[in-house]
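Quick notes on the structure that follows.
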Amino acid sequence: MAGRVTVPTYDDDIGRCGKFLREFQGNSSETTTGLEFKYLEQIQEVVNRTRSVIEIQLDDVAEHDADFMVDIQKNTRRYVHLFSSAIDSVAKDLQPAAEVGSETPLDIFIQQRILLAEQAAQAAGEAVNIEARYPPALLRRYNVVFLLPSMDKTASIRNIEARHIGSLVKVEGIVTRATAVKPLMTVATYSCNACDLEVFQEITSPNFMPMHACESQVCKEGRRKGQLQLITRGSKFERFQELKIQEMARHVPTGHIPRSLTVYVRGDGTRIATPGDQITVTGVFLPVPYSGYRAIRAGLLSDTFLEAHHIHKAKKTYQEQTLTDEMREEIEEKAASEEMYDTLSASIAPEIYGHDDIKKALLLLLVGGVSRKLPDGMSIRGDINILLMGDPGVAKSQLLKKVVDLAPRAVYTTGRGSSGVGLTAAVTRDPLTNELILEGGALVMADMGVCCIDEFDKMEEGDRTAIHEVMEQQTISIAKAGITTTLNARSAILAAANPVYGRYNIKKTPTQNINLPDALRSRFDLVFLLLDRPDMEADLRLAQHITYVHANNDFPELTFQPLEKEFVRNYVALAKGTDPYVSPELAEEMALRYAKLREDALSDPNEGHITARMLLAMLRLSTALARLRFSDEVVMDDFEEALRLMESCKASVRDAHDTRQAKRDPTTEIYSILKNIHLKTKNVNVSMEAARNRVVKAGYTEPQLKACIKTYEELNVIFLNTPGTRITFVDGGN
């Protein structure tokens with residue numbers, strides 16, 4: 001009949017699979033140039049026990065047969081079994097190499113059973129059929145996975161619909177939960193206690209009913225009620241992990257909440273992703289019926305999951321990055337340049353105008369100092385914590401977003417939208433095992449990375465105290481619901497906040513503006529105070545920059561060529577591998593500078609309280625600068641730059657106070673100084689020498705002091721004696 005579609009039979013599909021595996025030629029790797037029998041090589045490696053996963057590229061299948069590729073993509077689960085059967089038949093014709101990979105206890109168990117079966121068959125004069133005796137799934141030591149064509153785009157979780165059931169899809173998301181890796185039984189082996197017959201049961205669903213009664217011919221003829229006992233050693237297990245991925249923020253429509261999807265991972269795909277990772281999963285979208293009491297409530301509804309074939313991490317951690325020789329040569333060549341420090345920092349956010357010192361501090365935060373582990377078990381953190389506090393509109397949040405985009409592992413959260421449990425850890429119930437488990441919060445998910453907290457000042461005081469332990473000990477101690485443990489939270493914290501009055505009030509001291517407890521503020525290595533002060537030239541350049549962006553929908557041409565994000569990540573990853581030390585001479589100089597800073601803080605009320613943590617901050621910043629140079633020793637220039645950054649934190653505040661003092665009447669200010677001396681000494685007479693020293697120290701001159709005395713003498717408030725050595729307050733200064 002014309003127009004009739006020919007549906008391939010089971011044998012036809014097996015033949016197509018075997019033909020593709022035997023005949024396809026291509027590059028087995030990126031390094032090879034000639035054509036090879038790509039999949040025959042993979043099967044040979046499986047026979048040699050050096051490979052456990054056979055990856056079939058659908059690009060290769062499309063090159064061989066385009067219709068075959070479409071069939072596989074639409075019905076992937078079926079073709080996994082078909083290709084497995086075809087691989088078994090191809091593997092029969094291949095001989096293992098002289099050196100075969102290590103054997104598992106299951107391999108030894110099956111070899112022993114085959115040997116006993118051959119001996120029994122030889123005594124009876126019969127042939128042994130291994131395939132009929134053992135299920136194929138028990139004998140296989142590999143998994144078959146498919147990879148989508150390279151031209152296929154990644155879909156969001158929201159776009160995976162019912163029409164994709166059974167199909168191979170590629171989904172992007174953020175891992176929010178990852179269970180522990182546990183063994184999953186795929187083939188159960190039983191032994192009869194009456195006739196010693198071994199029975200095998202393939203398990204293809206999450207739940208199964210174990211077999212109990214023996215159905216062998218021997219038990220039936222002898223009318224025995226043989227009971228089957230599960231043999232764990234003869235059963236086949238594989239690694240199993242459940243992931244929960246959440247929709248990317250950019251894929252969530254306005255007014256909606258992110259959707260989630262469960263991912264089942266088996267075999268070598270486990271332990272690849274951890275909570276907080278941004279991953280792309282290629283897998284089969286399948287339904288799973290509810291079981292137990294949930295099935296009664298659900299009725300005809302069923303849940304869905306993604307059976308993972310391949311997981312790709314969008315941003316690898318510094319430890320996972322593998323640098324080629326060409327990358328190392330390029331990094332080492334550019335590292336020799338004296339301008340590399342400035343170029344790297346400027347490349348963090350080249351489109352954000354200004355903030356050069358802040359960008360340098362953020363670069364040091366990414367590199368980090370050296371963590372020290374003392375012989376007695378005490379650890380000193382090497383991660384650098386930074387607080388950006390300033391007026392609205394100075395690009396604090398944009399800088400945080402840039403760091404999240406650049407760091408391989410980073411979590412972004414806001415103060416008002418975060419609770420203490422959300423930052424540390426929460427006790428939840430595992431849907432698989434129904435056990436109480438700990439689910440890590442933002443700080444745990446940012447372990448070995450960066451945690452960015454915006455609107456830090458909007459957090460509740462009780463929630464903010466939850467991060468005290470994290471910022472210094474870098475651990476989270478939990479004692480909830482019978483679970484007492486300590487979680488690692490080795491993350492650098494980058495926080496942004498507004499002053500207590502919304503804008504910085506220069507009439508108040510920095511301590512009053514910041515309004516953070518000293519116990520928390522001292523845990524930040526650098527506290528940048530950013531003021532939005534009127535400045536004709538700076539405001540004009542900023543306005544021209546902003547108007548250019550809106551007029552041309554692009555950023556102005558930069559005076560330098562920014563480095564690529566991947567290059568910056570590789571540079572930081574290589575820099576983290578160095579472990580610089582501090583020489584005894586430099587250590588002595590650091591101690592002297594710290595003691596001097598403590599002394600100066602007593603006479604300057606704007607400095608705030610300086611603790612020993614500031615000395616540790618100097619060491620961390622200095623070692624981070626040495627790492628950027630790939631040096632094994634911290635030099636004086638590193639220490640000087642660290643001190644300069646610490647001083648630049650308060651530069652805008654000092655400038656603002658200087659401007660305020662310049663605008664205020666010096667005569668009134670000097671009189672206030674004289675009045676303070678009088679009130680402290682409780683003496684109507686003030687020494688001219690003491691007054692001169694205090695006035696000069698406050699930034700005023702001696703002529704201004706004399707002008708002040710003359711003005712207030714005319715007002716009959718004070719008078720100066722004839723020698724000019726004593727100032728007397730009339731009526732006791734009242």
Side-chain angles (χ1 to χ4, degrees), residues 389-391 499-515 518 527-539 595-610 643 646-734:
M389 177 165 283
D391 296 335
V500 65
Y501 306 104
R503 291 181 63 87
Y504 194 92
N505 186 354
I506 59 174
K507 295 181 180 179
K508 305 288 185 180
T509 64
T511 304
Q512 293 171 327
N513 277 279
I514 294 174
N515 195 31
D518 284 338
V527 180
F528 280 95
L529 299 173
L530 311 174
L531 274 65
D532 184 16
R533 298 185 299 110
D535 187 325
M536 184 63 182
E537 294 183 3
D539 292 344
K596 184 69 168 58
L597 285 173
R598 291 266 294 185
E599 185 181 2
D600 294 343
L602 293 175
S603 58
D604 189 352
N606 293 330
E607 283 293 335
H609 187 55
I610 294 178
L643 284 179
M646 299 181 84
E647 287 295 319
S648 69
C649 293
K650 302 162 188 173
S652 57
V653 176
R654 289 199 182 97
D655 293 345
H657 280 284
D658 293 343
T659 305
R660 175 172 173 259
Q661 290 172 358
K663 290 182 179 180
R664 293 180 64 179
D665 182 15
T667 302
T668 306
E669 290 298 312
I670 293 173
Y671 176 75
S672 299
I673 295 173
L674 299 176
K675 186 75 174 289
N676 288 335
I677 298 174
H678 156 65
L679 293 175
K680 284 183 179 180
T681 59
K682 297 181 180 179
N683 191 348
V684 294
N685 298 318
V686 176
S687 168
M688 186 64 177
E689 185 66 26
R692 186 185 298 110
N693 292 337
R694 288 291 298 274
V695 168
V696 171
K697 194 171 184 180
Y700 300 101
T701 62
E702 190 169 349
Q704 288 176 328
L705 172 61
K706 292 179 179 179
C708 172
I709 294 173
K710 183 178 179 181
T711 301
Y712 281 89
E713 273 186 326
E714 293 174 354
L715 296 174
N716 201 25
V717 175
I718 61 175
F719 67 88
L720 184 66
N721 65 351
T722 305
T725 57
R726 187 177 65 250
I727 303 170
T728 303
F729 281 83
V730 179
D731 297 332
N734 297 323

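As a basis for the values below, the full set of heavy atoms in this structure was taken, side chains included, without hydrogen atoms, waters or symmetry mates. This structure is a prediction, so every number in the text was calculated from the model and none was measured.
Among all heavy-atom pairs drawn from Pro499 and Gly390, the shortest one is CD-O, 3.2 Å. Of all heavy-atom pairs between Val686 and Leu674, the closest is CG2-O, 4.5 Å. Minimum heavy-atom separation, Ala690 to Ile677: O-CD1, 4.3 Å.
By the 30° and 60° cut-offs, the orientation of the rings of Phe729 relative to Tyr671 is tilted.
From Phe528, atom CZ reaches atom CE of Met646 across 10.0 Å, with rounding to the nearest 0.5 Å. Annotation: the span from Glu702 atom CD to Ile670 atom CD1 amounts to 10.5 Å, rounded to 0.5 Å. A distance of 7.5 Å separates OG1 in Thr667 from CD in Gln704, rounded to the nearest 0.5 Å. The line from CG of Asp391 to CG of Leu529 is 10.0 Å long, rounded to the nearest 0.5 Å. Here Ile727 contributes atom CD1 and Asn721 contributes atom CG; the two are 9.0 Å apart, rounded to the nearest 0.5 Å.
In this structure, the side chains of Ile709 and Met688 come closer than 4.5 Å at one or more pairs of heavy atoms.
Residues that satisfy the side chain to side chain contact (heavy atoms under 4.5 Å, CB included) test with Asn693, not counting sequence neighbours, are Glu689.
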Evaluation steps, side-chain contact (heavy atoms from CB on, under 4.5 Å), between Leu705 and Arg692: CA-CA 7 Å; Leu705 172 61; Arg692 186 185 298 110; 4.2 Å; yes
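Residue pairs satisfying the salt bridge (charged side-chain N to carboxylate O under 4.0 Å, His left out) criterion with at least one member in residues 704-725, sequence neighbours excluded, are absent.
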